[in-house]
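Sharing a structure below in structure tokens format, with a few things to ask.
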Amino acid sequence: MRKWLLLLATLLLIGVFYNRFTAAVDMKGSIQPENRYPTETPTPENDPPENELTIEVEADQVNKGNLLLVNEILAVPPNDAEAEAVNLYKHKELRNGFGLLDNKVRLSPDMTKKFSSMIKDAAEVGIDHFLISSGYRNDEEQKALYDQLGSDVAAFPGHSEHSLGLALDIGSTIAQMKDAPEGKWLKENSWKYGFIVRYPEDKTEVTDVMNEPWHFRYVGLPHSAVMQENHLAFEEYLEYLKERKSITAIVGKSTYVVYYFPVSSNTTLHVPTIGSYEVSGNNTDGVIVTVLKS
Ligand SMILES: [Zn+2]
């Protein structure tokens, strides 16, 4: 009987040691080389993180894009607007829903389409007496206007938004813009389409330009919406972006994140939001990156 007990005790001891041994092996096994060093290719340190956009910008990007500020101090930088502008009188296919003041009006097809799709919505509520009185103007044309109208009304040549190809003077065939349904509708709704009233009545001290209810400037979304919401003139909005560094704007179902970066030389920007994006200079000291979040 004692022999059996002794044998049982011995077997138990062996069992304990065996268990401990295997446990040790298992522990070792849990840090096998293939687990410790994953077989997938390691990420090199200079690859961007997945939640960041890496954008290469050149120094001259400061002077390109839809958000260039042009005023009596800041001149129009060299651009392609004249090459892109077409004579709308000759391009009947682009004249959808509006008339022309004369047969000299020039504007890019892209800007013309943006304008047409905006006023299509106005036409649905019965407002459809729009005309374009001026689109793109080169320095020579601006000089002729300046000489004719003077500095109170016309911008100095080289300092007109019309020479960026991003501004247009809109009229109504039934009344002056300040009284016309066309002017009222645009004042209330143009921000939804990326346009702003560039020289509003209550911002003349900021813009240093008299109220021009006919002059519309394209800046794109969400910028026009943020300016509308916060009651900012374009000058004020660009300052606001510089102070904030980044803002988030929700327009309809779209979420945008807008960043300001100072730029003085060719550089790489690291933008901590993923999505489709646009880069524009501010025409002074930096760029604005607009990301439509995906
Ligand atoms: Zn104008």
Side-chain angles (χ1 to χ4, degrees), residues 46 48-49 51-81 84 110-111 155-156 158-167 191 194-200 203 205-209 216-251 254-294:
N46 57 1
N51 56 356
E52 173 181 294
L53 291 170
T54 307
I55 305 171
E56 306 289 337
V57 294
E58 296 190 359
D60 68 353
Q61 183 66 56
V62 170
N63 307 110
K64 291 177 186 170
N66 290 335
L67 292 169
L68 296 183
L69 181 65
V70 163
N71 53 31
E72 60 181 353
I73 299 159
L74 296 165
V76 176
N79 61 62
D80 300 328
E84 287 163 10
D110 178 46
M111 205 49 60
F156 193 72
H159 290 260
S160 168
E161 285 194 332
H162 287 274
S163 305
L164 284 174
L166 297 170
W191 64 271
F195 287 90
I196 58 168
V197 179
R198 177 68 177 89
Y199 308 114
K203 293 288 182 184
E205 283 184 18
V206 179
T207 61
D208 210 19
V209 173
F216 288 81
R217 159 72 191 261
Y218 183 78
V219 288
L221 283 169
H223 312 290
S224 52
V226 179
M227 279 183 247
Q228 172 77 15
E229 173 85 12
N230 295 284
H231 191 63
L232 300 171
F234 191 29
E235 278 87 353
E236 294 172 314
Y237 175 62
L238 292 175
E239 277 305 310
Y240 171 81
L241 288 181
K242 255 164 110 165
E243 279 164 24
R244 295 287 194 97
K245 306 276 190 292
S246 80
I247 61 164
T248 298
I250 298 164
V251 184
S254 303
T255 301
Y256 299 87
V257 190
V258 181
Y259 298 87
Y260 164 79
F261 294 94
V263 169
S264 55
S265 57
N266 295 358
T267 187
T268 303
L269 306 177
H270 298 279
V271 182
T273 302
I274 293 296
S276 57
Y277 67 91
E278 274 184 22
V279 183
S280 172
N282 61 4
N283 207 23
T284 51
D285 56 10
V287 299
I288 292 110
V289 179
T290 307
V291 187
L292 173 57
K293 262 180 113 170
S294 50

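Since we're looking at a predicted model, the values are computed, not measured.
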Can you measure from CD (Glu58) to OG1 (Thr267) and round to the nearest 0.5 angstrom?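 Here the interatomic distance stands at 11.5 Å.
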
Which pair of non-hydrogen atoms, one from Val279 and one from Gln61, has the smallest distance, and what is that distance? O-NE2, 3.4 Å

Using the test side chain to side chain donor-acceptor pair (under 3.5 Å), find all partners of Ser276 that sit at least two apart in sequence or belong to another chain.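 If we apply the side chain to side chain donor-acceptor pair (under 3.5 Å) test to Ser276, skipping adjacent residues, there are no hits.
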
Would you confirm whether His270, through its side chain, and Thr54, through its main-chain N or O, come within 3.5 Å as a donor-acceptor pair?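 Pair absent, no side-chain N/O of His270 close to backbone of Thr54.
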
Could you tell me whether the side chain of Leu67 reaches within less than 4.5 Å of the side chain of Asn282, counting heavy atoms only?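 Answer no - side chains too far apart.
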
Heavy-atom neighbours of Gln228 CD exceed 12 at 6.0 Å: yes

Counting C-beta onward and ignoring hydrogens, is there a side-chain heavy-atom pair between Met227 and Phe234 closer than 4.5 Å?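 Yes, their side chains come closer than 4.5 Å.
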
Between Leu68 and Gly281, which heavy-atom pair has the shortest distance, and what is it?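 Looking at all heavy atoms of both residues, the closest pair is CD2-O, 3.5 Å.
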
Do any N or O atoms from the side chain of Asn79 and from the backbone of Ala81 form a donor-acceptor pair under 3.5 angstrom? yes

Any side-chain to backbone donor/acceptor pair from Ser280 onto Asn66? Under 3.5 Å, distance only.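 Side chain of Ser280 to backbone of Asn66: a pair is present.
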
Rounded to the nearest 0.5 Å, what separates atom CG in Leu166 from atom CE in Met111? 5.0 Å

Give the minimum heavy-atom separation between Ser294 and Gly275, together with the two atoms involved.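 Closest pair (atom of Ser294, atom of Gly275, distance): OG-CA, 3.5 Å.
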
Pro222 versus Val251, closest heavy-atom pair with distance: CB-CG2, 3.8 Å

Can you check side chain to side chain contact (heavy atoms under 4.5 Å, CB included) on Val226 and Tyr240, steps first, answer last? CA-CA 10 Å; Val226 179; Tyr240 171 81; 4.1 Å; yes

So, do Ser160 and Val76 sit near enough that their side-chain heavy atoms are less than 4.5 Å apart?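 When only atoms from C-beta onward are counted, Val76 and Ser160 do not touch, as no gap falls below 4.5 Å.
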
Heavy-atom closest pair, residues Glu236 and Lys203: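 Of all heavy-atom pairs spanning Glu236 and Lys203, the closest is OE1-NZ, 2.8 Å.
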
For a 4.5 angstrom cut-off between non-hydrogen side-chain atoms, does Leu53 reach Ile274? yes

Side chains of Val271 and Glu52, heavy atoms from C-beta outward: is any pair under 4.5 Å?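 No, their side chains stay 4.5 Å or more apart.
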
Taking the side chain as C-beta and beyond, is there a heavy-atom pair between Arg217 and Leu164 under 4.5 Å? yes

Hey, are the side chains of Ile196 and Phe216 touching, using non-hydrogen atoms and a 4.5 Å cut-off?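 A side-chain contact under 4.5 Å is absent here.
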
In Å and rounded to the nearest 0.5 Å, what is the CG to CD distance from Leu238 to Glu243? 11.5 Å

Asn283 side-chain N/O to Asn63 backbone N/O, donor-acceptor pair under 3.5 Å: no

Any idea which heavy atoms bring Asn71 and Glu235 closest together, and the distance? ND2-OE2, 3.4 Å

Step-by-step side chain to side chain contact (heavy atoms under 4.5 Å, CB included) determination, Ile288 to His223: CA-CA 10 Å; Ile288 292 110; His223 312 290; 4.1 Å; yes

Should Glu72 and Asp208 count as side-chain neighbours, where that means a heavy-atom distance under 4.5 Å? yes

Solution key, residues 255-262 side-chain donor-acceptor pairs under 3.5 Å, sequence neighbours excluded:
residue: Tyr259; atom: OH; partner: Thr273; partner atom: OG1; Å: 2.4
residue: Tyr260; atom: OH; partner: Asp285; partner atom: OD1; Å: 3.0

